[in-house]
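Order of the sequence lines sets the chain letters (A, B, ...), proteins ahead of strands, with each chain counted from 1. If you're wondering where the values come from, they're calculated on a predicted model, not measured in any experiment.
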4 protein chains.
Amino acid sequence: MPRDHEKESAVPTTDGSDTGGTARHMRADARRNQEKLLAAAAEVFVGSGVDAPIRQIAARAGVGMGTIYRHFPTRSDLVVAVFRHQIEECAEAGPRLLSEAGSPFTALQRWIDLFVDLLVTKHGLAQALQSDNSRFAPLHAYFLDRLQPVATRLLDAAAEAGEIRPGIHPYELLRGIGNLCIGHDDDPRYDPRRLITLLLQGLRRP
Amino acid sequence: MPRDHEKESAVPTTDGSDTGGTARHMRADARRNQEKLLAAAAEVFVGSGVDAPIRQIAARAGVGMGTIYRHFPTRSDLVVAVFRHQIEECAEAGPRLLSEAGSPFTALQRWIDLFVDLLVTKHGLAQALQSDNSRFAPLHAYFLDRLQPVATRLLDAAAEAGEIRPGIHPYELLRGIGNLCIGHDDDPRYDPRRLITLLLQGLRRP
Amino acid sequence: MPRDHEKESAVPTTDGSDTGGTARHMRADARRNQEKLLAAAAEVFVGSGVDAPIRQIAARAGVGMGTIYRHFPTRSDLVVAVFRHQIEECAEAGPRLLSEAGSPFTALQRWIDLFVDLLVTKHGLAQALQSDNSRFAPLHAYFLDRLQPVATRLLDAAAEAGEIRPGIHPYELLRGIGNLCIGHDDDPRYDPRRLITLLLQGLRRP
Amino acid sequence: MPRDHEKESAVPTTDGSDTGGTARHMRADARRNQEKLLAAAAEVFVGSGVDAPIRQIAARAGVGMGTIYRHFPTRSDLVVAVFRHQIEECAEAGPRLLSEAGSPFTALQRWIDLFVDLLVTKHGLAQALQSDNSRFAPLHAYFLDRLQPVATRLLDAAAEAGEIRPGIHPYELLRGIGNLCIGHDDDPRYDPRRLITLLLQGLRRP
DNA sequence: CATGAATGAGGGTTCATTCAT
DNA sequence: AATGAATGAACCCTCATTCAT
């Protein structure tokens with residue numbers, strides 16, 4: 001009887017109301033597995049990229065492949081889940097820095113530092129964001145939904161304070177910094193932070 | 001990324017003495033084939049990326065797959081050959097701009113414009129450079145061998161003229177700009193040139 | 001590099017002009033393989049049905065799986081190719097019997113005998129025809145395109161000769177007989193020919 | 001058809017003494033579950049065939065998969081249970097028709113009508129009976145055990161009354177009619193009843 | 001007892017690479 | 001020298017069946 005495929009992807013644990021990709025009421029073993037899985041996927045993504053074979057992730061987690069498909073019907077669901085925590089933390093840091101730091105520009109600098117940490121620590125994240133493969137669209141969307149508003153607010157504050165020239169679009173900045181972080185670990189001669197510092201310099205009101 | 005059957009390639013047509021990947025004494029038909037191949041590969045790389053199936057390139061060129069393997073034993077050899085012309089032109093423009101332009105910094109700006117053209121026109125080039133896949137190492141090497149000295153000279157001249165602050169490493173600049181060019185065509189909201197302008201602003205001596 | 005599937009199915013050797021699924025101008029080894037493949041598929045279809053794993057057919061033929069996909073992009077292409085000869089022979093017998101036999105009804109009886117041979121010898125054919133799986137639609141189509149006109153002519157002749165009552169639809173008859181042939185070999189107690197004889201009896205003008 | 005993990009099943013609920021697959025002394029909830037299950041399975045069988053995934057049936061019934069396995073250790077057990085009622089009714093109609101109808105042949109005709117209803121209404125039944133998959137052997141067995149004697153009695157009566165020619169085997173008739181019912185709903189051009197009428201015509205004494 | 005999570009064999013498909021023609 | 005047929009490893013994904021909870 002027809003094996004006619006179909007795929008809908010529900011990202012079931014991504015409804016925005018929970019705090020990190022693990023459902024509240026879940027059998028203990030299932031939750032344990034999900035955690036093992038996320039940890040394993042994170043490691044594998046760093047080592048072999050976000051396109052690593054499902055088998056490899058399953059093996060690393062010590063579970064069957066089916067378990068991955070159960071928890072994360074599409075690869076994107078897994079990728080999003082893996083990076084959700086990190087993205088969340090970064091997003092939350094924005095407003096806090098704005099209220100704590102001496103000036104909006106300082107807050108912006110510090111937040112971008114965190115943003116770079118996010119991309120640099122998790123090699124796979126930058127790769128996935130950069131990939132034009134449509135299967136990472138949901139990650140893209142989640143990433144921007146969460147972080148672009150934060151960047152917008154920081155840039156607006158700095159612009160209002162007259163510290164930077166207006167006109168830079170938050171999306172462009174995030175994406176540019178994201179791009180600069182690609183391949184940071186391939187080569188000791190390349191340190192994205194130095195370039196990002198220059199970029200921010202270029203942004204300051206003369 | 002797993003499908004990495006690794007093969008030590010010699011990039012045989014890249015010995016620096018010839019002018020573009022086509023040996024001087026070659027049967028007419030073989031040369032014709034090479035040219036068809038390079039043209040086809042260039043088109044395919046733009047459309048489907050540098051990881052496009054060999055078959056697709058062969059089909060577009062109207063030759064057999066074996067012919068590709070004969071002329072370009074590894075994928076990297078083909079990629080290098082495809083981009084060699086463009087890289088060469090860009091490299092040669094450096095000294096010329098330095099002697100023509102009003103100031104070293106202006107020369108630098110103009111040269112970077114050309115460099116960006118190179119990466120932006122040829123979607124596949126940026127992709128290949130960015131890829132951490134070891135099979136593109138030869139392209140990487142060729143690219144840097146040829147362009148880094150040019151960038152060095154331009155930066156040194158501008159630094160000596162006191163137009164920019166010293167300390168930026170040419171490699172880092174090239175790579176950064178290369179990264180910024182990634183994905184330029186996915187999204188109309190993202191224009192790498194605006195960011196590169198900011199970067200150069202940040203480089204100027206205050 | 002997007003793995004986005006697509007499938008078009010060209011049934012390349014089935015253009016109606018050749019006489020049995022093997023192209024005229026074909027490398028010797030390729031033709032040999034195609035023949036091995038058809039033979040192997042025929043055997044496997046009998047033993048394991050037309051849904052047998054591609055791997056199994058490849059193994060039996062002593063070729064790689066890719067070879068099957070090259071020659072027969074879809075399963076249906078293979079199935080059609082396997083049964084094409086037989087269907088063709090059966091179709092051609094119709095007019096001949098009509099001119100040779102003593103009466104149209106006798107011709108009809110004999111032709112149906114051949115038709116039953118076709119379905120009974122090739123266990124897989126009946127199975128495939130019966131399957132509601134859409135992937136066998138091309139087989140269905142080919143089968144009917146070729147045989148329904150033959151049946152129509154025989155029935156019309158017998159009706160005109162007043163030997164059978166009119167009104168039976170050729171499609172219905174073929175399909176019914178096809179159905180009766182299902183499972184003929186599971187059980188010695190069941191002989192479709194006896195029932196088919198009854199059916200033809202029932203068709204005779206009283 | 002390969003996925004045949006074969007399992008010797010006992011069709012535990014089919015001991016002939018109970019009235020429909022539900023044990024007499026059973027906890028109320030268990031019985032409720034069984035009924036939900038049978039209803040769900042019947043619906044799914046019609047829609048997706050008797051090879052539908054267990055999950056799908058479980059979901060439709062609103063129970064876990066384990067519950068299905070508990071009540072019906074093998075798929076065949078479930079299939080038998082689903083069709084048991086219908087088969088039973090059909091079997092019981094035989095003697096009644098024989099005593100009510102004007103002649104044995106009329107009784108036979110009417111009974112076969114009911115028999116066709118059975119197969120045509122329940123798409124899955126014909127499919128399962130036809131399948132050569134050994135896992136449906138128990139269904140086969142049950143089906144014949146119950147209905148063949150009925151058919152025998154009707155045929156014998158008609159033969160004794162001189163209405164039909166002798167010699168047709170009841171098994172063959174049932175099976176033939178079963179086969180004719182296959183695919184009745186795929187195609188409006190095909191109506192098994194017309195053919196079955198012909199078959200019975202052919203059976204009449206001249 | 002019921003649930004449904006986990007397992008993993010099994011089948012489909014692609015495509016780099018080799019090598020007969 | 002060119003061709004493109006053949007190979008088969010490597011991926012993907014589904015779902016029957018078991019068994020922890």
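Regarding C/Asn33, its CG atom lies at a distance of 16 Å from the P atom of E/dC19, rounded to whole Å. Residue B/Met65 contributes atom CE, which lies 9 Å from atom C1' of E/dA16 at whole-angstrom precision. In this structure, C/Asp77 atom CG and E/dT13 atom P are separated by 11 Å, rounded to whole Å. For the pair B/Ile54 CD1 and F/dT7 P, the interatomic distance rounds to 21 Å; values are reported in whole Å. Nucleotide F/dG4 holds its C1' atom 9 Å from the CG atom of C/Asp29, rounded to whole Å. A straight line from CZ of D/Arg55 to C1' of E/dG4 spans 8 Å, rounded to a whole angstrom. As rounded to whole Å, 13 Å separates atom P of E/dG8 from atom CD1 of A/Ile68. As a whole-Å value, the separation of A/Lys36 NZ from E/dT7 P is 7 Å.
Counting only distance, with no hydrogens or angles, the side chain of C/Gln127 and the backbone of C/Val50 share a donor-acceptor pair below 3.5 Å.
Between E/dT21 and C/Arg31, no contact under 4.0 Å exists linking OP1 or OP2 to a side-chain N or O. Residue A/His71 has a polar side-chain atom (N or O) positioned under 4.0 Å from OP1 or OP2 of E/dA6. The phosphate of F/dA5 has neither OP1 nor OP2 within less than 4.0 Å of any side-chain N or O from C/Thr67.
Nucleotides of DNA chain E nearest to D/Gly66 and A/Gly64 differ in position, and the one nearer the 5' end is that of D/Gly66.
By the 4.0 Å N-to-carboxylate-O rule, C/Arg135 lies close enough to C/Asp51 to be salt-bridged with it.
Candidate nucleotides E/dG12, E/dT18, E/dT7 were compared by shortest atom distance to the side chain of C/Pro53, and E/dG12 ranks first. Taking the side chain of C/Arg70 as heavy atoms from C-beta on, and the options F/dT21, E/dT7, F/dA6, the nearest nucleotide is F/dA6.
Pairing each heavy atom of C/Ala52 with each of C/Gln56, the nearest pair is CB-OE1, 4.0 Å. Nearest heavy-atom pair, D/Phe72 versus D/Ala81, reported as atom, atom and distance to 0.1 Å: CE2-CB, 3.5 Å. Here the closest heavy-atom approach between residue A/Leu125 and residue A/Phe83 is recorded as N-CZ, 3.4 Å.
Base pairing of F/dT21: its partner is E/dA2, meeting the Watson-Crick or G-U wobble criterion (both donor-acceptor distances under 3.5 Å). As the counterpart of F/dT14, E/dA9 is assigned, both hydrogen-bonding distances of the Watson-Crick or G-U wobble pattern falling under 3.5 Å.
B/Arg75 comes within 4.0 angstrom of sugar-phosphate atoms only, judged by non-hydrogen atoms across all strands, and of no base.
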